[in-house]
Each structure stands twice: as C-alpha cells, then as structure tokens.
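Comments concern the structure below.
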Amino acid sequence: NEIDSKYEIYYNILTDNVDNEDIEVGYISTSFDSVVGTINSKGTKTVVLKLINNSDKDVKIEIGCEGGLVNNELILTKGITTNKEISSGDIILAYNLDGPSGLYPESFPGKDDGYTVTGVTCNGADAIWNNENWNVTISNMTGKTITCTVNLKHQGYWDFPFINNYDTFVIPANGTYKIELWGASGGDVGNYSGGNGGYTSGNIYLDKGSELHVYIGGTPTSRLGGYNGGGASHPHEYNSSFGRAGGGATDIRLKNGVWSEFESLKTRIMVAGAGGGADNRGGGYGEGSGGSSGGVYGYNGVSLNNGNGHGYGYGYGSGGSQLSGGKINYTDGSNSISDLRVECSFGNFGIGGSCYTLNSSMQNEAGGGSGYYGGGDSNHGGAGGGSSFISGHNGCDAISEDSTSDDIIHTGQPNHYSGYTFTDTVMIDGDGYNWTTEKGEYVGMPSYVDGSIIAGNDGNGYARITYISE
C-alpha cells in the first residue's frame, strides 16, 4: 500500500443451494491480524481464516479484500489446520480456588503449590489441561480474545512418600501446620517380624518462605539397613543371612545434607523412630522378632529358643532412649564374648546399632532401628527399636546447640535449641501405645493410607504436612 488505509476481508459463497449456516467462518487472531483493521503505508497484514464446510457437497468460496486500497495484492494460501496450539498473547487466564483461604497465592498457583486442576473452560475455544507441563492447550478459537477459567482445588495437605533421599518443603503461607511422621519397620525373616515404625505429630507455627527438610525412613531391602539410619545386618548375602537390617527413622530437620551428617542430625525437631531387624539363627542358637520403635524409649528385641548349650553369646538388642542408643544384652546362660562385639552393637544419635564388619569377633546379626537414638543390634535375637522425639513434648530430652558428634550435651528439657516447638503433640510407639513422659494405654495410630487405626507402621516411612489456619 502507498498510503495508510482501512481494509476488510470478505467472503462469498459461489455454490448454489449452500446457505451461510452451512459454512463456519472464523479467524485465528493470536500472532495474526484481524479481518478488519487499518494497514500502514508499505505495510503487510497476515490474516488466517478458518472455514469449516458442514454441507454435504464441495463448496466454492470467493475471498476478497475491500477498502480504500491502492496497489493491493491479495495472496491466498490454502491449508488445512486442526487443533492448532496457540500462544497466550490474546488469552485471559482466570482461575477459581477451592481450599483454605490462607493458602491462596498472589498469582496463578504453581505445579508444586499443592493444587490439583479439576477442570478448565474457555469461551470461544476448546481447551485441554496438561498437568505434566502445568499449562492449557487451546484450539479451535472463534474469537479475538479468549477467556479461560481454570478450577483448582487444594487438598489442604502435602504428602511425602519414601524416595530414598530427603525432600524440602518451602512454607507457602504464614500459619499453623500439623506435621505427622511415620517411621519405617525393620526387616522380616522366617517366622519373625521386624519391629514396627512409630508415629509422631504436633502443631507448629511457620513463616512463609522458611524451609523444612523431610527425611523419610526406609524399610531395608538389603543387609545395609533402611535409609536414614537403619542398622546393617550380618555381612552375609541378604537372602542367606540369619539377621535382618533395621528400619530408618523419619524426621524433620532445619538443615539439609547427607542423612548421617551430625550438623544436620542435630537440627531434627521431630523424629518418628523405626523398628529393629528380626533374627532367625535357629538350631537352638536363638532367634526372635525385632523391637518396635518408641515412644520416648524404643522396645527391646526378643531372643527365643537359645538354651541348647552351644556356648554362644545369645543376645537381643535393647531400644534407644532419649540419652543414648541401645546395645546388645545377653540372655541367661550365655557366654560373654569380645568387648569389640559389645562396642560395635551400640545404637547412636540418629543411627541404629550395626556390627557390619568382616571381623568374626564383631559379627552380630540383626541391625538396630534408627531413631532419635537408634536401637542396639543383636546376636541370635531381634535388634532394638529406635526412640522418637518431638520438640516441646514432655518426656523428651533436647540437645544443646553446642553439641558435637563427640560430645552430645543434653539439656534435660524438651525444647529444641532453635525455638521450633510443637503444641498438641502425639507420640505413639510401634506397638500402638501412647507416650507422654512414660508409656500409656493402647490407642493405635492412624494409617497414612486411609486413616484407619493400626498398631504400628509396617513398611517404609511417610510424612504429611497439613495447613491448619492462618
């Protein structure tokens, strides 16, 4: 064009006995120009028309351009396009949120903000929600501007299954949150079961943007022990060993890192202990189930059928406590064995007892369960379960910030040095008994699967964080 001028694209149906109602005509506006507008001097306009023939015959259509045009050149390109994905240039995105008002984001929620999309609708277009990419694909547009409404629902909680690593939860809004943890169970063997994992919960106020690091304990699948501190079993191949490894604790930390790093372990503000591994030595040497997680104290393992006079050091692992790990305990009539074997049997801060060594004088069998302090490993009997901890829970004993791996200093009170403390705390051991400063009555624990009441957690650990209120 040699001057600025207005234009309008038109069409005429040239086939007889075809009505306008039989032909759908529209245009795709995003990234292209309108059918009506102004074109600048020396300018170019690209208009993409969409024509759909709903009649039962071939139709001839004339397309032209009207306006005060000079030296106009109209180029028509035939093409067939369906379900074309378009960009968001002319898309207005609206959304409806269903969930706790305190969690409403300032803009459209992200994929990891805890929302699920329950539906999407667009006026004048078709829409498909892609949950993997967290976006909407729009096709068959019939108008210049399209408004799409996405409906989102927040379940009000976040789940953390076992991933053999830690996860980080960034607090989405100021408010009170309920944190629930389930520890892992120890390994089973023969007719004997590893101890069950425990359950802890409590409410805590958290600031938006702060971070919690979630370590989920694993039930053992090899002799090396479950993730997050499970004690290893005797170093035979797993399928032929007498003992089984201990389970890993589940905990919340303020500092991340490798699970065994003390500077990370010392920042734990809640721990659900794990169960000890079972043993099936048999032949009159001794055998038994692993001890379940505590509570303030973990359960001892069991040693049965050990009275054949072989002269071995028959023993079970004791449970971890608030002050120390468990160790091997010899049953009546057993001979004492090397001090090295006793020494390596101890559980420790965040780690179940484990004599994982090729030195025959130090080879115990089942591994202790992890916890605040881990349970002891065992020889010809079940290993001990780990203890649990909740900052602010009466009966717990928090450590000093000045503690090191070689010098753990206990404060004699339950509040973590960080100031993060829980209210409305609940601590249930792996056998289903409630704990305050001491063991109480049987209450069972909620299953993270369906909320039913179970005695203890059998399997990998789990965590759930629920938003309570602003």
(request) Assess R253 against Y215: is NZ or CZ under 6.0 Å from the centre of the six-membered ring, and within 45 degrees of the ring's axis? (result) yes

(request) Give a yes or no on whether a salt bridge exists between K111 and D113, defined as a side-chain N under 4.0 angstrom from a carboxylate O. (result) no

(request) Compare all side-chain heavy atoms of L254 with those of I269 and state whether any distance is below 4.5 angstrom. (result) yes

(message) For a side-chain contact (heavy atoms from CB on, under 4.5 Å) check, start with the C-alpha distance between L152 and F108, then their side-chain angles and the critical distance, and finish with the verdict.
(response) CA-CA 10 Å; L152 303 106; F108 190 85; 4.0 Å; yes

(request) First locate atom CG of L212, then atom CE of M270, and finally report the distance between them rounded to the nearest 0.5 Å. (result) 10.0 Å

(message) Going by side-chain hydrogen bond (donor to acceptor under 3.5 Å, both in side chains), D429 matches just one of Y297, Y299, Y199. Which one?
(response) Y299

(message) Checking W259 against N165 for the side-chain contact (heavy atoms from CB on, under 4.5 Å) test, could you report, in this order, the C-alpha distance in whole Å, the side-chain angles of both residues, the deciding distance, and whether it holds?
(response) CA-CA 8 Å; W259 72 263; N165 204 341; over 6 Å; no

(message) Main chain of G194, side chain of R244: is a donor-acceptor contact present, judged purely on distance under 3.5 Å?
(response) no

(message) Tell me whether R268 forms a cation-pi arrangement with F349, defined as NZ or CZ under 6.0 Å from the six-membered ring centre and within 45 degrees of its axis.
(response) yes

(message) How close do A278 and A366 get, counting heavy atoms only, and between which atoms?
(response) O-CB, 3.5 Å

(request) Decide yes or no for W182 and E180: does some side-chain heavy atom of the first lie under 4.5 Å from some side-chain heavy atom of the second? (result) yes

(message) Using side-chain heavy atoms (C-beta onward) and a distance below 4.5 Å, is N196 in contact with N457?
(response) no

(request) Evaluate the side-chain proximity of D98 to H154: yes if any heavy-atom separation is below 4.5 Å, no if none is. (result) no

(message) Once rounded to the nearest 0.5 Å, what's the spacing between atom OG of S447 and atom OH of Y462?
(response) 9.5 Å

(request) Flag this pair as yes if the NZ/CZ of K439 is under 6.0 angstrom from the six-membered ring centre of Y433 and inside a 45 degree cone about the axis; otherwise no. (result) yes

(request) Report yes if the side chains of N280 and F242 come closer than 4.5 Å at any heavy-atom pair, otherwise no. (result) no

(message) If we ignore hydrogens and angles and just use 3.5 Å, is the side chain of N130 paired with the main-chain N or O of I128 as donor and acceptor?
(response) no

(message) H410 and ring-ring contact (aromatic ring centres under 6.0 Å, His included): which single residue from Y373, F389, Y417 fits?
(response) Y373

(request) I would like to know whether N228 and I216 meet side-chain contact (heavy atoms from CB on, under 4.5 Å); could you show each step before the answer? (result) CA-CA 7 Å; N228 205 25; I216 306 297; over 6 Å; no

(request) Could you tell me if the ring centre of Y157 sits under 6.0 Å from that of Y467? (result) no

(message) With side chain to side chain contact (heavy atoms under 4.5 Å, CB included) as the test, pick out the partner of S400 among T411, D407, I408.
(response) T411

(request) Side-chain contact test, heavy atoms from C-beta onward, threshold under 4.5 Å: evaluate it for T250 versus V271 and give yes or no. (result) no

(request) Indicate yes or no for a side-chain donor-acceptor contact from N256 to the backbone of H213 under 3.5 Å, with no hydrogens or angles considered. (result) no

(request) Taking all heavy atoms of L103 and all of W158, pick out the closest pair and write down the distance. (result) CD1-CH2, 3.8 Å

(message) Within this structure, what is the CG-OG distance for the pair D458 and S193, rounded to the nearest 0.5 Å?
(response) 7.0 Å

(request) May I ask you to check whether T404 and D406 show a side-chain donor-acceptor distance below 3.5 Å? (result) no

(request) State, with a plain yes or no, whether a side-chain heavy atom of I171 is found less than 4.5 Å away from one of D207. (result) no

(message) Has T425 got a side-chain atom pairing as donor or acceptor with H393's backbone, closer than 3.5 angstrom?
(response) no

(request) Supply the atom-to-atom distance I465 CD1 to S201 OG, rounded to the nearest 0.5 angstrom. (result) 12.5 Å

(request) Taking the side chain as every heavy atom from C-beta outward, state whether I179 and L181 have any pair of such atoms under 4.5 Å apart. (result) yes

(message) Does E287 form a side-chain contact (heavy atoms from CB on, under 4.5 Å) with Y192? I'd like the steps, not just the answer.
(response) CA-CA 8 Å; E287 58 215 53; Y192 299 100; 2.8 Å; yes

